[in-house]
Amino acid sequence: MRESRNPFRLRAAENIDTDLSFLRLFGPGMLDMLGDEELSSRPLIIRSAAGGGKTTLLRLLTPQVLLSLYENRGLDETKEVFHRLSDLGVVAESGPKLLGVLLPCTRNYAVLDDLSVDAPRKDRLFFALLSARISLAALQASLELHKLTYPRDLQRIGIRAAALPPTLAGTDEVVSGEHVQKWATELEGVVADAIDSFEPWDGVLPASLEPLTSLELLKSGNLLIDGEPVASGTILMLDNVQFLTRRQRSNLFRALAELRSSVAVWLAERLEALVTDELLGSGTQQGRDYEILWIEEFWRGKRPRFEKLSHNIADRRANASVEVEVGSLSPLLEVSLDATDWTGRYEDLLAGLRERVTREIAGQARFSEWLTMPELTSGSLRERVITWRALEILIHRERKRAQQQFDFVLGAEEFDERSDSQIRTTAELFVAQEFKLPYYFGPSKLVSLASCNMEQFLWIAGDIFEEIVSAALVRKPLRIAPERQDTLLRKASENLWQEIPRRARHSEKVVRFLDSVARFSHSMTFLPNAPYDPGVTGIAISMADRGRLMDQAYLAERPHHAQVAQVIGESIANNFVEPILDYKCKGEHWMVLYLNRLLCPKHWLPLQYGGFKEKTLDELARWVSSGFVAAGTLL
Amino acid sequence: MQMRWTNYVMASGGELNDLLKAHFGDSKRMVCFMMGRGFDPRMNLGLSTFLNSYPQHTYRAVVLEFAEGPNSPSNRYARLVEENSEELFGLTKERAEVVSKEVTVWSPDGRRIGSRSAANLFKETEELKGYTDIIVDISSLPRSIFYPLLAKVLYLTERQPSSEKRQNLFVVVSENSAIDQRIVDEGVDEEADYVDLFRSGADRMASARHPKVWVPILGEGQALQLRRIHDLVGPDEICPVLPSPSLVPRRADTLIEEYHGLLFDQMRAEPQNFIYASERNPFEVYRQMCRTILHYNQVLEPLGGCRAVISSVSSKLLSVGGLLAAYELKRAKLDIAIAHVEAQGYSIVEEGTIRGLVEKSSLFALWLAGECYE
């Protein structure tokens, strides 16, 4: 395995060079996404931002990985994956049952759309190239599954003639693999010449070629090895569909829907492939022609499972390091500021807060009983500081309410009634922000910062693990203190902000929009009475406004709203915001856009969900064009 | 395979003056001068050399304009582009016809198509008919543009009817490492890509099992670019090209030091695979690359041969060597590709003083086709 010093750095599935290493690092929880039933033959579109885990999922089903899984099914690290894939009918005690044909789409397909030929010829070239490559990939995968060598053993493969184009089928009932390979190679060569030709292309394609001709070849029983079916089931997996042009992509989807083949086809693509309409409509497109799995959205609905999966993957990665012997990552992350190192600091804070609150309410009988509550003098120093800060927030709230109410003395009962875990969480954040204490630390916050994207999790966990490896090198204790975790995670947050211009199209507007959301959220979160505890981390537009942003006629007349649509679309595509559709609040339905959690530390925002503020399209248009201006700063 | 540029013509400094005098000094010539419009202060250096020294010829300057869109970081240097344009105007006034050709950098759906657009600037031999000499100045052209442009022009000049007098094709480039170091890529693309006209060689499913050999020409400060190209190519063998001999004798060592972790720990390059070529001789790069790739192809013949991918993250001068190797090997029907990663734009370090560095530039001319090869 490459770079096993810090295995968290092995991000892309294709960069893990041996199949067993891949299986050892594979978290079985990933298979939650596939459900419990056998793989459906309806086309499945798998979508996520970069690093969501699409390729990892596809690679698992390729012949060499399945063979390795079968051979190593007794190992502790692979046992669970084997059992779960057995339940899905992918493997059995006799061996792999599924032929997984993985075909990555490269940018060369898109070039076909730029050739100086008419649109029908472009389409024919596209489908010809796809057909040729599906055929070649199927032949190669079939031999791999039976541990045979490509191209040497091609003569052992037979394809039922009924599954082939008439010109290729001839008169025999079964056509040899060699024959099909020759046909596909020539066909691919014709298209390759068109792509790289120095002269305008005027080549000829076979007349009888229908779109996705070679999908027939993958149907059960059509591919034979020594006269027997290659596998019980077949799945075609097209990866990186985002590299196709929009026209090619919609032609492909249409062809698949029209074909209604019994072959399972999975198409994996990044969200960036989607147009604004599709991005804003994501989550509601469960069509009858295909199913859609949006990976981040799947995990957003199952956060505890994502947390469990992340910890599992982190432990597997930590285990794989050759530099340091670590069984698990979580125990190495300190989770509390109650250690003695902080005693002096908290004593000072406690004294300061006590004095400030006492001074604030001096002479006000209404709050006098609250100052004598036992909660203010019990618990650890840190807990007492938080209680005093919570008390201060409650006092601000009561002062706001006091304008409408009589000035009754408030007792301990009222305090208990008004204070809950939310307000303590908020008080903790307020204390951290005001006194610059560590806030972003511990395994739970580490997973929250991933925003349900596995690559993002590995990125930040990798930073932490690098620290552990370095500590091992100089023989220091391996546990990472809260302040160091906080520093590393804030740096990761800063890095993500810096990456926005590089990743997003219309980057200037996207940065302005996200920065506005973050600064606005900060201003709402840190109001003295903390009305939106534990804080605001997003905005919402009404579902009706969302509909308007998807209406081309509406946008054509309102270019400033068209910019809002574009910017929100880009932000979703790059996972800079987490969209939640149809959220019911105040008798209305909303599309909530939460900031990616890793964008929060830079602005001292909490990591919990739930706090958002409704916005109109005009307000957002102002943010996109000139940024958020905090109230009271206009002059 | 017979290597076309085993004997070659290349000159710089005093030798360049002699060469130009011998070729452009007497008979009347019709010259097509291709160049890019941009902020690079070297933009007009090549053209001014020709116009000032040999004003008696008929010149047509084909100026490539880049439609990069409103979001390009390079737009902030519009003032420098304007200054270069004014200089070009003064230089060509009543001395040369100026024709603009637009290179579209982005497709309407947001894909990079600059490389394809450059390859399509000239489609037929007819478009170059009538010129005795074609000069392509790559000083202010990015690699993704001059690779396909130069390959296409080279191809079209070769396709001229044999009944006509051979056209001469020159490449000129103003080398200035101080300026190169000041112009920094900004916003390197997330994914590398293959250059148009040199795409399919590495991508054929039919030869997917043939080992892939990657030959990158190394230059300083390009770790991210190298990593991205490596991710695209996924090579089985890596043969990095190092500049040696060099004006700075330790330059190759310094490069190895800079990329040690990347090359040896992450990419698993073998030290015995390094190729050395003079930092000022692209024809040597061409020869070394051709030899290496042909050798791999021969050795790996029992496995069906190899697929080769060439990249350059070094000077433009050496990059031309990579292009010549790719062109020749493609014409010999080998599986060859050029991989490259683009930047969203460029930023200039200490913008205010960059123009003052132009005088230290050295103009190189490479004679690629025409009379001297007959």
Side-chain angles (χ1 to χ4, degrees), chain A residues 2-3 5 9 12 14-15 17 50 103-104 106-111 113-116 129 132-137 139-140 149-151 181-182 184-189 191-200 240 243 245-247 270 272-273 275 499 501-509, chain B residues 69-71 73 104 106-113 115-117 119-120 123-125 148 151-152 154-156 158-159 186-194 196-209 230-232 234 261 265-268 304 327 330-331 335-337 343-344:
Chain A
R2 286 178 188 169
E3 211 195 7
R5 198 181 89 88
R9 296 292 187 225
E14 50 270 49
N15 286 349
D17 52 8
L103 184 63
T106 61
R107 287 185 197 270
N108 282 358
Y109 289 95
V111 175
D113 251 10
D114 302 327
L115 295 181
S116 308
L129 184 58
R133 288 189 171 169
I134 290 172
S135 307
L136 290 165
L139 294 172
Q140 289 169 5
T149 304
Y150 177 91
Q181 189 249 8
K182 187 167 175 286
T185 303
E186 283 171 6
L187 187 57
E188 188 188 35
V191 185
D193 287 347
I195 290 173
D196 274 349
S197 173
F198 281 117
E199 304 222 351
N240 292 330
F243 287 151
T245 65
R246 297 211 170 117
R247 217 170 60 81
R270 286 192 201 158
E272 68 198 46
V275 291
E499 260 204 34
R502 202 154 50 77
R503 278 168 45 175
R505 277 174 283 187
H506 317 290
S507 57
E508 212 173 301
K509 294 189 184 84
Chain B
N71 286 323
T104 312
W106 299 100
S107 72
D109 60 352
R111 290 178 296 112
R112 270 193 192 282
I113 52 165
S115 164
R116 168 65 47 178
S117 181
N120 284 339
K123 289 179 180 160
E124 308 284 347
T125 50
K152 190 67 169 283
L154 182 55
Y155 175 78
L156 291 177
E158 281 180 355
R159 297 276 294 168
E186 190 170 288
V188 177
D189 280 0
E190 204 66 33
E191 316 264 352
D193 192 13
Y194 293 105
D196 274 277
L197 303 180
F198 298 94
R199 288 184 162 276
S200 301
D203 190 36
R204 291 190 197 210
M205 180 61 81
S207 51
R209 304 298 159 108
H230 178 266
D231 286 349
L232 170 77
D265 297 339
Q266 290 182 38
M267 299 182 182
R268 303 278 169 95
Y327 182 84
K330 178 182 156 94
R331 304 283 282 146
D335 279 345
I336 183 91
Q344 303 280 324

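Order of the sequence lines fixes the chain letters, A, B, ..., with proteins taken first and strands second; residue numbering starts at 1 for each chain.
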Item to check | Working for salt bridge (Lys or Arg N to Asp or Glu O under 4.0 Å), residues A/Asp113 and B/Arg111 | outcome: CA-CA 11 Å; A/Asp113 251 10; B/Arg111 290 178 296 112; 5.4 Å; no

Portion of [X] that has a non-hydrogen atom of chain B nearer than 4.5 angstrom:
| X | result |
| --- | --- |
| A/Thr106 | side chain |
| A/Thr245 | both |
| A/Ala137 | both |

Item to check | Test log, rule side-chain contact (heavy atoms from CB on, under 4.5 Å), inputs B/Arg112 and A/Arg107 | outcome: CA-CA 10 Å; B/Arg112 270 193 192 282; A/Arg107 287 185 197 270; over 6 Å; no

Looking at [X] and [Y], what are the two nearest heavy atoms and their distance?
| X | Y | answer |
| --- | --- | --- |
| A/Ser116 | B/Asn120 | OG-ND2, 4.4 Å |
| B/Arg199 | A/Asn108 | NH1-OD1, 2.7 Å |
| B/Glu124 | A/Pro200 | OE2-CG, 4.1 Å |
| A/Gly189 | B/Arg204 | CA-NH1, 3.7 Å |

Under 4.5 Å between any side-chain heavy atoms of [X] and [Y], yes or no?
| X | Y | result |
| --- | --- | --- |
| A/Arg133 | B/Asp203 | yes |
| B/Arg159 | A/Glu199 | yes |
| A/Leu115 | B/Arg116 | yes |

Next on the checklist: Would you call the rings of B/Tyr327 and A/Phe198 parallel, tilted or perpendicular, taking 30° and 60° as the class edges?
Outcome noted: tilted

[atom1]/[X] to [atom2]/[Y] distance, rounded to the nearest 0.5 angstrom?
| X | Y | atom1 | atom2 | value |
| --- | --- | --- | --- | --- |
| B/Ser117 | A/Asp114 | OG | CG | 9.5 Å |
| B/Asp196 | A/Asp196 | CG | CG | 7.5 Å |
| B/Ser207 | A/Glu188 | OG | CD | 7.0 Å |

Next on the checklist: With chain B as the partner, which of A/Gln140, A/Gln181, A/Glu499 has the greatest number of non-hydrogen pairs under 4.5 Å?
Outcome noted: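 The residue among A/Gln140, A/Gln181, A/Glu499 with the greatest pair count is A/Gln140.
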
Side chain, backbone, both or neither of [X] within contact of chain A (heavy atoms, under 4.5 Å):
| X | result |
| --- | --- |
| B/Leu197 | both |
| B/Ala151 | both |
| B/Ala337 | neither |

Item to check | When B/Arg209, B/Lys152, B/Lys123 are compared by non-hydrogen pairs under 4.5 Å with chain A, the top option | outcome: B/Arg209

